[in-house]
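Read the structure below first, then the notes.
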Amino acid sequence: MVEKIRARFEVLDERFRPVSGDAWMERIFDAGRWTEGPAYVPAGRYLVFSDIPNDRVLRWDETTGAVGVLREPADYANGRTLDRQGRLVSCEQGTRRVTRVEHDGSLTVLADRYRGKRFNSPNDVVEHSDGGIWFTDPSYGIDSDYEGIRATAELDGCHVYRIDPRGAVHRVADDFDRPNGLAFSADESTLYIGDSRRRHIRKFAVADGATLAGGEVFAAGDAGTFDGLRLDAEGRIWAAAHDGLHCFAPDGTLLGKLQVPEITSNLVFGGARRNHLFITATTSVYAIRLNVNGAAYPA
Ligand code: MG
C-alpha cells in the first residue's frame, strides 16, 4: 500500500497561489537511508534514484508501482540527469567520477580527474544543449565512510567543473564552499548553483556555453541547506531544503514551499508531460501531480 500524506502548499507570495495539484503526496518508497539523484525516464516510464549509504540505485516502475534494485553495489552514486539522447549520466562518489550508461548498457567514464588529480566526490550534474556536462564536486563522499569511501582530497577545494563536448575538463567556478545542486535556465543564459554549506543559491551568467560570470547570491535559505535544484516550465526554481521544496521566482523571491515530512535532497519533474513531481527525502521518495510542468531540460 502506498502511503498518502496530505499535501501542504505554503503560499508566501500570491504568485505561488496557482501552483497546486493533488491534495495528497504519495510515499512511493520508504526503505532508504539517504535517497538522492532522481531521474525520470519517459521511454520506460520509470524513475531511477540513489540510496547512497546503502550503495544502491533503485528503479520505481510507474506501470506497477514496484521498486527494484537497478544496480548494487553502485559506487555510491549520487545525483544524475537524463541527457538529450535519453542516457543516464551519474555522479559516483565512491569512484569519484562522472559516468554515462550507454543504450547497450555499457558504462562510459566521462571524467574522473582534473589536471591529473582525482575529484573529491561528484555530487550533481546537468547537461548543456551543446553536449557539455556540468557538475559540482563537494567532499561529502570522501569525508567519511557513510556515503562513500573516506579519503584525502587531491584537489585544493570543492569546485564546479564542465566536461566539454570533446571530453576535456574545465574548472568553471572555484569560490564555493560545498557546491551542490545546479540547473540552467531554459535559454541557458543563467546557471543556478547551490552552496550547501553556505546555505544559499548563486546565479551566474553563462557565456558561450563555456564560462561563468557574476555569481551573486540569488536566494538564501531559511530552513537548512539547499541540495538539488530543478526549474519548471515557467522559469521558477525549485530547491530541496530541510522543510520541503522551496519555490523561487526568477527574481529571487521565495514564492512558497511544498512541505515534506522528511529532509529533502532532490527533485525531478517526470511523467509524459513532466507534471509528476518526484522528491527524494531522507528514507523516502514522494510523488505528487502538480498543475505546473517541469522544464524540458534540465531533466
Ligand atoms: Mg546533492
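All of these numbers come straight from a predicted model, not from anything done at the bench. Counting convention: from 1, in listed order, for ligands and their atoms alike.
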Looking at the Mg ion (ligand 1), is there an N, O or S atom belonging to Asn180 that lies under 2.8 Å away from it?
yes
Without hydrogens or angle criteria, can the side chains of Arg274 and Asn293 be said to hold a donor-acceptor pair below 3.5 Å?
no
Is Ser265 close enough to the Mg ion (ligand 1) to have an N, O or S atom under 2.8 Å?
no
When the ring planes of Trp238 and Phe16 are compared, do they come out parallel, tilted or perpendicular, using 30° and 60° as the limits?
tilted
Out of the N/O/S atoms in Asp227, what is the name of the one closest to the Mg ion (ligand 1)?
OD1
List the residues meeting side-chain contact (heavy atoms from CB on, under 4.5 Å) with Asp195, not counting sequence neighbours, and say none if there are none.
Phe176, Asp177, Arg178, Arg197, Arg198, His200
Restricting to ring-ring contact (aromatic ring centres under 6.0 Å, His included), what partner residues turn up for Tyr114, sequence neighbours left out?
Tyr161
Any N/O/S atom, backbone or side chain, of Asp124 lying under 2.8 Å from the Mg ion (ligand 1)?
no
